[in-house]
Protein chains: 2
Amino acid sequence: MSDRKTQFDKALLGLRSLVMSGEFSGSARLPEVALSERLGLSRTPLRQAMDHLVAEGLLERIETGGCRVARFTLDDINDAIELRGVIEGTAVRLAAERGADPVALAEVERVLDRIDIALKHPDHIDFDAYIVENASFHRLLAHLSGSQLMQREADRVSRLPLASPSAFLREQELIPDFNASLLRAQHQHRAIVEAIRAREGARAEYLAREHARLARRNLDYLANAGPGVATRVPGLSLLSAE
Amino acid sequence: MSDRKTQFDKALLGLRSLVMSGEFSGSARLPEVALSERLGLSRTPLRQAMDHLVAEGLLERIETGGCRVARFTLDDINDAIELRGVIEGTAVRLAAERGADPVALAEVERVLDRIDIALKHPDHIDFDAYIVENASFHRLLAHLSGSQLMQREADRVSRLPLASPSAFLREQELIPDFNASLLRAQHQHRAIVEAIRAREGARAEYLAREHARLARRNLDYLANAGPGVATRVPGLSLLSAE
DNA sequence: TGATGAATTAATGTATACAGAAAATGTAAA
DNA sequence: TTTACATTTTCTGTATACATTAATTCATCA
């Protein structure tokens with residue numbers, strides 16, 4: 001359909017992964033010409049992509065022109081996690097209050113089953129599958145609200161740096177009982193859906209907020225693991241640059 | 001300081017007011033060349049501004065290229081109002097939980113006093129002053145959270161089309177007891193601040209949500225006032241184009 | 001008359017050229 | 001050695017040219 005790969009899309013994808021790789025976390029200004037040559041496109045679509053990433057919060061503008069990789073404090077990340085819980089909490093509350101589409105609810109159940117499969121063997125969790133299906137689940141939750149605006153907002157906050165639990169998967173060995181926390185997360189998933197089915201908006205909202213706060217636990221462990229870790233966790237390398 | 005008026009800033013300001021004027025609400029594609037000539041700048045900064053307004057939700061992209069003025073349903077606007085309450089509610093909850101900066105709190109009180117003055121004579125309310133001071137109040141509320149992220153988000157949602165009570169001021173004569181509702185809003189303002197002072201986060205959050213929902217009442221009246229009103233209310237003319 | 005399709009027109013997406021500002025480099029003086 | 005200033009270079013912000021794609025017009029045929 002509209003799979004027309006525009007240069008801007010390429011620039012956005014490429015630049016995002018470059019930034020996430022941490023290569024430019026040295027807080028210097030991002031050189032436009034060098035980046036555009038490296039990505040194989042001109043400065044125009046690259047600058048568009050930079051604008052988007054500034055809006056996303058991954059980059060920040062410099063007063064004297066241009067932009068650089070945004071630097072986050074621990075508080076920033078905690079706030080992003082909190083915000084994510086608030087937005088998703090609102091989405092599920094609206095879904096419960098207004099009544100969720102049964103077809104979408106069935107789709108949610110299928111995704112939850114696939115997450116179960118990924119978690120089937122607690123010692124050999126299929127992390128790649130979990131990341132994909134978990135993202136699907138959260139996208140579907142926003143969809144259940146029936147509100148286009150909430151979907152867009154949920155999509156936005158899910159991209160906030162380090163707001164997602166998946167961001168911590170690469171450093172799981174540093175986090176005690178990480179696998180167990182994934183199982184707990186899945187229990188929360190089912191509880192949220194159950195609350196929506198029962199039309200209990202307040203409970204659904206509360207559960208979604210608590211669910212988001214699981215990420216805080218992981219963040220705390222990584223933050224106390226010393227500066228060495230910061231440079232090994234892609235997103236977190238930004239934090240150490242503060 | 002950084003008052004360097006860049007062409008992009010001019011484009012953003014100019015385009016926003018043009019869109020708000022309703023002149024292009026006919027859902028046709030926005031012509032880039034014509035607009036750039038009219039605003040006295042080239043297509044490059046104009047397209048930047050269009051990107052920003054798309055992100056803001058005021059414009060929407062067309063599959064075949066370009067963009068047009070976004071069309072809103074009543075549900076869209078109600079969702080925007082709800083979201084505003086949720087975001088501001090979170091900001092004041094965090095402010096209460098974390099403890100608000102006394103200096104900022106004092107500034108809030110001064111703004112509230114100025115709102116009182118604007119509302120002093122219920123039959124001759126100073127609407128212009130009210131709009132300005134009310135905006136200041138809500139900006140300061142977000143500031144009280146101490147979170148840069150919450151400030152940015154609050155700023156964003158306050159710009160969501162028709163999410164703000166001020167958007168209805170022009171059509172006040174169509175809304176029964178409109179002036180009285182402004183007085184009620186001011187009472188809510190003080191109650192919110194009081195809850196923050198008392199460190200009662202949950203109450204502050206609840207009050208802020210209810211406060212935002214005042215706008216729903218106004219919206220309902222205008223929605224029932226017939227299609228003629230839609231074309232007279234700048235933002236709402238978008239609604240009738242659906 | 002209505003519909004289908006070719007041809008023309010217009011408009012978007014992208015590249016690039018250019019001007020002006022910021023940073024870097026180098027030189028001279030204290 | 002360090003500071004201040006001048007010079008050079010680089011880079012951003014903006015304008016514009018170009019190409020490709022969408023819209024429109026017009027002509028032909030059923």
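Within every chain, numbering begins at 1; the chains are lettered A, B, ... in the order of the sequence lines, protein sequences first and strands thereafter.
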Give the rounded distance in Å between these two atoms: CG of B:Asp51 and P of C:dT12.
-> 13 Å
If you measure from the Lys or Arg side-chain nitrogens to the Asp or Glu carboxylate oxygens, is any gap between B:Arg38 and B:Glu23 under 4.0 Å?
-> yes
Of the options A:Arg156, A:Glu153, A:Arg209, which is the one that meets A:Ile87 in a side chain to side chain contact (heavy atoms under 4.5 Å, CB included)?
-> A:Glu153
Contacts under 3.5 Å, N or O only, protein and nucleotides 14-18 of chain D:
unit_1: D:dT14; atom_1: OP1; unit_2: B:Thr6; atom_2: OG1; d: 2.3
unit_1: D:dT14; atom_1: OP1; unit_2: B:Gln7; atom_2: N; d: 2.5
unit_1: D:dT14; atom_1: OP2; unit_2: B:Thr6; atom_2: OG1; d: 3.2
unit_1: D:dA15; atom_1: OP1; unit_2: B:Gln7; atom_2: NE2; d: 3.2
unit_1: D:dA15; atom_1: OP2; unit_2: B:Ser42; atom_2: N; d: 2.9
unit_1: D:dA15; atom_1: OP2; unit_2: B:Ser42; atom_2: OG; d: 2.5
unit_1: D:dA15; atom_1: O5'; unit_2: B:Ser42; atom_2: OG; d: 3.4
unit_1: D:dA15; atom_1: N7; unit_2: B:Thr44; atom_2: OG1; d: 2.7
unit_1: D:dT16; atom_1: O4; unit_2: B:Thr44; atom_2: OG1; d: 3.3

Rounded to whole angstroms, how far apart are CD on A:Glu37 and P on D:dT10?
-> 13 Å
Between B:Val33 and A:Gly65, which has a closest nucleotide on DNA chain C that is more 5'?
-> B:Val33
Aromatic ring pairing A:His138/A:His211, orientation class (parallel under 30°, perpendicular over 60°, tilted between) | parallel
Any residue meeting salt bridge (charged side-chain N to carboxylate O under 4.0 Å, His left out) with A:Glu109, in chain and number order, not counting sequence neighbours = A:Arg190, A:Arg197
Would you mind reading off the distance between B:Leu30 atom CG and C:dT12 atom P, rounded to a whole angstrom?
-> 9 Å
State plainly whether the residues B:Asp220 and B:Arg216 are in salt-bridge range, i.e. N to O under 4.0 Å.
-> no
Working to the nearest 0.5 Å, report the span between OG of B:Ser36 and CG of B:Leu15.
-> 11.0 Å
Name the nucleic acid region contacted by A:Leu46, choosing base, sugar-phosphate or nothing; use a 4.0 angstrom heavy-atom cut-off, strictly under.
-> nothing
Separation of C:dA10 atom P from B:Ile62 atom CD1, nearest Å, is 19 Å
Nearest-angstrom distance from the residue atom CD of A:Glu63 to P of C:dA21 = 18 Å
Hey, is the side chain of B:Thr64 poking within less than 4.0 Å of OP1 or OP2 on D:dT21, counting only N and O atoms?
-> no
Atom NZ of A:Lys10 to atom C1' of C:dT14: distance rounded to whole Å?
-> 11 Å
To the nearest Å, give me how far apart CG (B:Leu35) and C1' (C:dT12) are.
-> 14 Å
